[in-house]
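All remarks here apply to the structure that follows.
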Number of protein chains: 2
Amino acid sequence: MGETGSDAGRDGAVRPTSRDVARLAGVSQATVSLVLREQWRGRVSPARVAEVRTAARELGYRPNLAARSLRLGRTRTVLVVVPALTNEFFARVHAGAARVAAEADVGVVLYPSPEGVGAAPDPFASAGATLDGVLASSMAVEALAQLSGDGLPLVMLDSEPRDGPAGATVNPDIGAGMRLVTDHLLTLGHRHVAHVAADVPSWTFEVRERALRAGLSAVPGARLVAAERGPISVAGGLAAAERALSALPRPTALVCDDDTMAAGACKAVRRLGLRVPEDVSVTGFDDLALATAVEPELTTVRLPAEELGAAGLRALLAVLAGERRGTTVLPVTLATRGSTAQAPQPA
Amino acid sequence: MGETGSDAGRDGAVRPTSRDVARLAGVSQATVSLVLREQWRGRVSPARVAEVRTAARELGYRPNLAARSLRLGRTRTVLVVVPALTNEFFARVHAGAARVAAEADVGVVLYPSPEGVGAAPDPFASAGATLDGVLASSMAVEALAQLSGDGLPLVMLDSEPRDGPAGATVNPDIGAGMRLVTDHLLTLGHRHVAHVAADVPSWTFEVRERALRAGLSAVPGARLVAAERGPISVAGGLAAAERALSALPRPTALVCDDDTMAAGACKAVRRLGLRVPEDVSVTGFDDLALATAVEPELTTVRLPAEELGAAGLRALLAVLAGERRGTTVLPVTLATRGSTAQAPQPA
DNA sequence: TCGACGACGTTATACGTAACACGTCACCTC
DNA sequence: GAGGTGACGTGTTACGTATAACGTCGTCGA
């Protein structure tokens, strides 16, 4: 058979187009498009439909998404922005979002902003894809402004709800989580508490601090004897905890903003020759895998990370569909484990 | 100013095209294209170049990547496949790849295959983007075949080098890493060693097992007294280690395939009333953050995770550029910490 | 018997970009 | 001053898809 035209038929390396399918099935390209997108009811006969499908399968046809995006003006692709994937919490958020995206047949482009919370250097140029929307976690305000500047639908996770440009916000109930921790420690008799805080300026950490202070001030005799900040890491928690433990009166409980820091705090306690939890109780936040890897296991706030990502992406899809939604708050629970115990009797 | 044409000038929601830039600058669309892609040397006068750039900035013009991809037939987007991002190792691999991709102005679409190593259910349909190439970590053979079936350039990470369809393979020197562990333990006098192994069928774990056996068999009197498998988690390592510790003679060292499992193994040792490292030495693999969070800190093999991802993406870019490359092997080191010590004297 | 209508398909076009194949000058050389 | 030669741009087209705007038949109600 003599080459009909162009360089079709090359090896098999060139991808077939809808026109190739049309030729093979003996129909027009428009019909192929209708059939393969399931828009054929009442416009194409069942017999033709079958022929087209057979032809498509035979050629191994896959629609060219670039062409489709160009035509439609949308890409079915969203950007997910997280501070850092090496933080297990955000990896889990991403996993939840990715799962929902896959179910909805939406692509996800990931942008881990380099310096945790920080200016995202033009994620749109570097994303390598045109985008329909953005799902952003714990972003700083200026980066947010930059994002929304392009007029893209935006859903924020774990961020201050009031921000205007956001189409929606989804948050775990951080305040309730910290209240659970505080009440737990107060019930155990702790009155001198220190906060081992993350040194990242972020809504989520501000809420934790406020909730801790509020909870303590509600009980006579209870007080925050120290609040030390450090980077979110084992070493950061260790250093901050060492400073906190030098406060007078010495705290009997260390409330940490993150499980990683809590692991460091436990090391700090032992360096002073003290024991966890007999002498000092330690609490974490997030319930990472780490929390059950260390000994004693960490009492910590279990945040629904996967569900946060999933709910965030669902909210984004809703915004894209035109249904605006406000703020969603997800419930959290306290995982009570071995790192907390009754407060020691005052010597 | 009377609307020149079309619905341009709407609010600012519609994105300007290169033709809009051309109109504003008083040149043709082709010139705009040349200027903004820096292909203008010797074809456009510097004065015009400046005008075009000004016009583009003024309109906030961004090229439509879908249109560009359609025209060029490439997308500058690659797929990165990892077993699971919640595994810190792969999160770091991804981070390394993402960094190089950003530098090369290449987009990354991520596909965390659901069940660790497993069949990827058509990542190309679900990726939401047309792809130029694939960077896959620790993939199973059938999934690999499916991937390469589409004829996409493929680079494998941490996988058996021989695989045919791969354009290149990049591996950390797993065998050397396990030899470092074995030699370390042998030097400390350990002769009865147990392997706490991952139950994932994968090249990387097979190599670890072979290297461990080979290293032990080289020293008279040394033997592998147990090899127990379990899932890659704290609980998995704990369970497998408990079984291993019931072997006779009881091992004085537990070699674990992963830091997470090693953390579990430490717990198993203590449950028997034994101490780490005085009674039993424990080693990990990967050098995750976890390794320095537990006490004692884990002696472990430090794998260059970020560099692995970075080298992998560089290899993929090389393959895309037509330069085929074979297998690259990255060096590894041993991080000697508190979880290993001199073997106890035989009772 | 006729017009209308539904079922079935096709033709033609636009999306925004990149790149090829041509102009059109001004200037220079012989 | 004739012809060549760059420098500087423009017109046009194609990429693969989705969809609006048209035919073209049979059938059915009046």
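To find a chain, count down the sequence lines: A is the first, B the second, and so on, and within it residues start at 1. What you see below is based on every heavy atom in this structure, not just the backbone, and it leaves out hydrogens, waters and symmetry mates.
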Just the rounded figure in Å: distance from [atom2] of [N] to [atom1] of [X].
| X | N | atom1 | atom2 | answer |
| --- | --- | --- | --- | --- |
| R76(A) | dA18(D) | CZ | P | 12 Å |
| R68(A) | dG16(C) | CZ | P | 18 Å |
| Q39(B) | dT17(C) | CD | P | 16 Å |
| R74(A) | dT17(D) | CZ | P | 16 Å |
| W40(A) | dG9(C) | CH2 | C1' | 14 Å |
| L65(B) | dC15(C) | CG | P | 18 Å |
| L36(A) | dG16(D) | CG | C1' | 13 Å |
| R15(B) | dT17(C) | CZ | P | 9 Å |

Criterion side-chain contact (heavy atoms from CB on, under 4.5 Å) against V155(A), the qualifying member of L135(A), T169(A), L313(A):
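Answer to the side-chain contact (heavy atoms from CB on, under 4.5 Å) test with V155(A) among L135(A), T169(A), L313(A): L135(A).
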Side chains of D132(B) and T75(B): any donor to acceptor distance under 3.5 Å?
yes
Suppose the criterion is salt bridge (charged side-chain N to carboxylate O under 4.0 Å, His left out): which pairs have a residue in residues 27-46 of chain A, not counting sequence neighbours?
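For residues 27-46 of chain A, and leaving out neighbouring residues, the salt bridge (charged side-chain N to carboxylate O under 4.0 Å, His left out) pairs sorted by first residue read E38(A)-R53(A).
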Distance, nearest 0.5 Å, that separates CZ of R48(B) from OG of S28(B)
9.5 Å
Calculate, to the nearest 0.5 Å, the distance between atoms CG and OG1 belonging to L85(B) and T86(A) respectively.
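It comes to 10.5 Å.
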Polar atoms only, N or O, under 3.5 Å: list the protein pairs with nucleotides 5-9 of chain D and their distances.
| from | atom 1 | to | atom 2 | distance (Å) |
| --- | --- | --- | --- | --- |
| dG9(D) | OP1 | S45(B) | OG | 3.2 |
| dG9(D) | OP1 | R48(B) | NE | 2.8 |
| dG9(D) | OP2 | S45(B) | N | 2.6 |
| dG9(D) | OP2 | S45(B) | OG | 3.0 |
| dG9(D) | O5' | R48(B) | NE | 3.3 |

Would you mind telling me which of [options] lies closest to the side-chain atoms of [X]?
| X | options | result |
| --- | --- | --- |
| A67(A) | dG16(D), dA18(D), dT17(C) | dG16(D) |
| L70(B) | dA12(C), dG16(D), dT17(C) | dG16(D) |
| R37(B) | dT17(D), dA19(C), dA18(D) | dA19(C) |

Residue whose closest nucleotide on DNA chain D lies nearer the 5' end, T17(A) versus G26(B):
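Result: G26(B).
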So L72(A), base contact, sugar-phosphate only, or nothing? Heavy-atom distance under 4.0 Å.
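Since only primed, P, OP1 and OP2 atoms lie under 4.0 Å of L72(A), the category is sugar-phosphate.
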How would you label the contact of Q29(A) with the nucleic acid (heavy atoms, under 4.0 Å): base, sugar-phosphate, or nothing?
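Base contact.
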Can you name the side chain to side chain donor-acceptor pair (under 3.5 Å) partners of [X], sequence neighbours left out?
| X | result |
| --- | --- |
| E306(B) | R92(B) |
| T54(A) | none |
| R314(B) | E307(B) |

Which angle, to the nearest 10 degrees, lies between the helix axes at the two ends of the helix from dT1(C)-dA30(D) to dC30(C)-dG1(D), each defined by five pairs?
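Comparing the axis at each end, I get an angle of 50°.
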side-chain N/O [X] vs [N] OP1/OP2, d < 4.0 Å:
| X | N | answer |
| --- | --- | --- |
| S18(A) | dT17(D) | yes |
| S33(A) | dT17(D) | no |
| R71(B) | dA14(D) | no |
| R19(A) | dT17(D) | no |

N171(A) side chain vs S159(A) backbone, donor-acceptor pair below 3.5 Å
yes
Shortest non-hydrogen contact between D158(B) and F89(B), atoms and distance:
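So the two residues come closest at OD2-CE2, 4.4 Å.
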